[in-house]
Undergrad: 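Dropping the structure in here first, questions after.
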2 protein chains.
Amino acid sequence: MNKPRKQPTMHDVARHAGVTTMTVSRALRPNTSVSSNTRTKIKKAADELGYVLDGTASVFSSGKSGFIGVIIPTINNANFADTLRGLNEGFKDQRLQTLLGATGYSLSEEERIVQQFLQRRPEAIVLTGGSHTERCRKLITNSGIPVIEMWDLPKQPIGKVVGFSNKKAAKLMVKHLYDEGYRRIGFIGGDTTSDMRGLDRRIGFIESLKEFGLSPDRMVAAGEPPVAMNQARGAVTEMLQKWPDTDVIMCVSDPLAFAAMTECQRRGMSVPDDIAICGFGAYDISEHALPTISTVDVRSKEIGEQVAKKILQMLDPESRDNENQTIVEPKLIVRDSTKKQN
Amino acid sequence: MNKPRKQPTMHDVARHAGVTTMTVSRALRPNTSVSSNTRTKIKKAADELGYVLDGTASVFSSGKSGFIGVIIPTINNANFADTLRGLNEGFKDQRLQTLLGATGYSLSEEERIVQQFLQRRPEAIVLTGGSHTERCRKLITNSGIPVIEMWDLPKQPIGKVVGFSNKKAAKLMVKHLYDEGYRRIGFIGGDTTSDMRGLDRRIGFIESLKEFGLSPDRMVAAGEPPVAMNQARGAVTEMLQKWPDTDVIMCVSDPLAFAAMTECQRRGMSVPDDIAICGFGAYDISEHALPTISTVDVRSKEIGEQVAKKILQMLDPESRDNENQTIVEPKLIVRDSTKKQN
DNA sequence: TTGAAAGCGTTACCAA
DNA sequence: TTGGTAACGCTTTCAA
């Protein structure tokens, strides 16, 4: 009950302008029936008093928080950062604002954040992937708040979905490698427990190899997600010790691929002549590394844009029911790091 | 006035547990005087009803939003992402939550976000750098909300400061280059208009060269911030056309340095034998590139941790007045990309 | 340790 | 187009 400072309220503005708070409230919002005279008068009064709308009261009174809760695994990832940019651009100049949370690839942390967010009464919640704790699912469904899961195609979606099949995306790459003539194909990913999208890529890798009649033995777990550059050295070492004749290493992400590549180069191996490398995610680095790194563009930013679009539709009572699932197709990008020479 | 769904209120819980709302309110918060009997009873009742505290009402009623507004230039930058991680870890398990905004290096956008944030009544605001529009400064000071500016040491700080001198940090690097024997030193940065930290580094570069009796001509503007890898090629081209005998290129950030390096390598130049390269920011890439890239570690994460700590102090009425300015000293990291061979 | 009553500043609703 | 009035669900304050 003790506001940090005595700021002018709507009441003060109303008195100053000689109207009621209701008129002030209307005048300060767009698309409301207020005569332009009154509106200018009120805006002037508000300016003079240095009035700033108390959003906490609006939210409480209207039941509309203007928040969209967005939960991603980590901020320190250019792919998710791109998704966020897409989202924010979609909301720009709308009344909506993102409330961001990062789970660090932990489902229990996700649950914690969801619970925290729920108290803010967001108008929609965006989750990354389709794996959540039971309690998390229950909290969300009980709240009745619309949900979008992104970056994946969950088997049992909570609400709507914007994403792609990480399994299929990985298969795209394996097919390319096979077509290029590679047969001793290795895979470096994170531990399989927490990064479900990484896991799906690994599954795609395994299935795909089997389909081509190859056996998917050459797999190394680099450690806890987020798998970063500094896990590459150990993983490459393990790979080359166990299977020295590996002719290509497929990595679960571009930064890992890059670091794996330079590790190979440090060992005096030439990429792609002695060993080929490929990544995932179409990070900037894949385009600028030497050699350039083959990758899969999962169109991270477009995912964000589509999510924003879908949310705007879901929140619009006028809008007819839209698709439950939007698929953003990944695209293979072939570059120098997987070009067979012979 | 129309909440999206009829959820149970504190009143319902109170009735269910046979107490008043006030007791429920207390029971649901830590450090309040409620008998453990009553508390268990109330928690049970809340659980049974599936009650979720309406934070919007708490915020409104208590005048404490629990928000810390944090404004950075861009999310897609590992340095700022690290700062955010430091911040969030500092707030973890506290009642505070970050509300994040990205300006895209635009001061007017910063002003827009500040205005938006102010409506949420954040308990503190964290800004990046010391440059803001006049109106932005006024909005913030009028609000009476505590401010921290970070990542810089502003001449006229609005409130408290956690940062370092970008100028001095750049000088650290120039001194190293000079000591190493380089004399024809070039600089690639962004345009000077919007990224003030980048600008300060440039100024440090210029001043430092003058101090060493060298003339700071070899400067190329890569374009609009955020300066990214794809601006390196053009910048390197310009640099080598205008000053073909440049013996080292200092870049305003590591990603740029990396891309500049690979561009040189593509042209058949060897780094550091034919030309040396260095960056700024101690990004992962600088450690894993081949050769490894000399850089300045600005300890981004520590900045975030210090900001969180300072905010906690500022918000604690018990705490004695703390320092107005916390300096986090950057550290030079010398790597292979600037090792003179002869 | 618990309760009763009074707001907090805005918006919804209905009337003028 | 404008005004009056009643919430919105919680916390503060003070009293028991």
Undergrad: Could you state the atom-to-atom distance from CG of A/Leu49 to P of C/dG9 in whole Å?
TA: 15 Å
Undergrad: Check each of B/Pro226, B/Ser131, B/Pro73, B/Pro225 against B/Asp195 using the side chain to side chain contact (heavy atoms under 4.5 Å, CB included) test, and report the only one that passes.
TA: B/Pro225
Undergrad: When you check the phosphate oxygens OP1 and OP2 of D/dG3, does a side-chain N or O of A/Thr23 lie under 4.0 Å from one of them?
TA: yes
Undergrad: Are OP1 or OP2 of D/dC10 and a side-chain N or O of B/Thr21 less than 4.0 angstrom apart?
TA: no
Undergrad: Between B/Thr20 and A/Tyr51, which has a closest nucleotide on DNA chain C that is more 5'?
TA: B/Thr20
Undergrad: Ignoring hydrogens and geometry beyond distance, is the side chain of B/Ser62 in donor-acceptor contact with the base of D/dT11 at under 3.5 Å?
TA: no
Undergrad: Select base, sugar-phosphate, or nothing to describe what B/Ser35 touches, counting heavy atoms under 4.0 Å on all strands.
TA: sugar-phosphate
Undergrad: In whole angstrom, give the distance that lies between atom NZ of A/Lys64 and atom P of D/dC8.
TA: 17 Å
Undergrad: Taking atom P of D/dG4 as reference, at what distance in whole Å does atom CZ of A/Arg15 sit?
TA: 14 Å
Undergrad: B/Glu111 and B/Thr133: side-chain hydrogen bond (donor to acceptor under 3.5 Å, both in side chains), yes or no, with the steps?
TA: CA-CA 7 Å; B/Glu111 180 186 308; B/Thr133 65; 2.7 Å; yes
Undergrad: Just compare C/dT10, C/dT1, D/dT11 and give me whichever is closest to any side-chain atom of B/Met10.
TA: D/dT11
Undergrad: Output yes when at least one side-chain N/O atom of A/Thr56 is less than 4.0 Å from OP1 or OP2 of C/dT10, else no.
TA: no
Undergrad: Are OP1 or OP2 of D/dT2 and a side-chain N or O of A/Thr38 less than 4.0 angstrom apart?
TA: yes
Undergrad: May I ask you to decide whether A/Arg15 forms a salt bridge with A/Asp12, counting only side-chain N to carboxylate O separations under 4.0 Å?
TA: yes
Undergrad: Hey, are B/Glu134 and B/Lys138 close enough for a salt bridge, meaning a charged N less than 4.0 Å from a carboxylate O?
TA: no
Undergrad: Take atom CG of A/Leu28 and atom P of C/dG9, then tell me their distance rounded to the nearest Å.
TA: 16 Å
Undergrad: Taking CZ from A/Arg29 and P from D/dT1, how many angstroms apart are they, rounded to a whole number?
TA: 14 Å
Undergrad: Would B/Phe60 count as stacked on C/dC8 if the rule is ring centres under 5.5 Å and plane angle under 30°?
TA: yes
Undergrad: Would a distance-only check, ignoring hydrogens and angles, find a side-chain to backbone donor-acceptor pair under 3.5 Å from B/Ser61 to B/Ala57?
TA: no
Undergrad: If you check the A/Ala57 side chain, which of C/dG9, D/dT11, D/dG9 turns out closest?
TA: C/dG9
Undergrad: Measure distances between side-chain N and O atoms of B/Ser58 and base N and O atoms of D/dC10, and say whether any donor-acceptor pair falls under 3.5 Å.
TA: no
Undergrad: Could you state the CZ-P distance from A/Arg120 to D/dG9, rounded to the nearest angstrom?
TA: 18 Å
Undergrad: Looking at D/dC8, I'd like to know if its phosphate oxygens (OP1 or OP2) sit under 4.0 Å from a side-chain N or O belonging to A/Ser61.
TA: no
Undergrad: To the nearest angstrom, how far is B/Lys41 atom NZ from C/dT2 atom C1'?
TA: 11 Å
Undergrad: Assuming nearest nucleotide by heavy-atom distance, tell me which of B/Arg26 and B/Gly55 is located more 5' along DNA chain D.
TA: B/Gly55
Undergrad: Between A/Lys310 and A/Glu323, is there a salt bridge with N-O shorter than 4.0 Å?
TA: no
Undergrad: From CE of B/Met22 over to C1' of C/dA5, roughly how many Å is that when rounded to an integer?
TA: 12 Å
Undergrad: Out of C/dT2, C/dT11, D/dG3, which nucleotide sits closest to the side chain of B/Val34?
TA: C/dT2
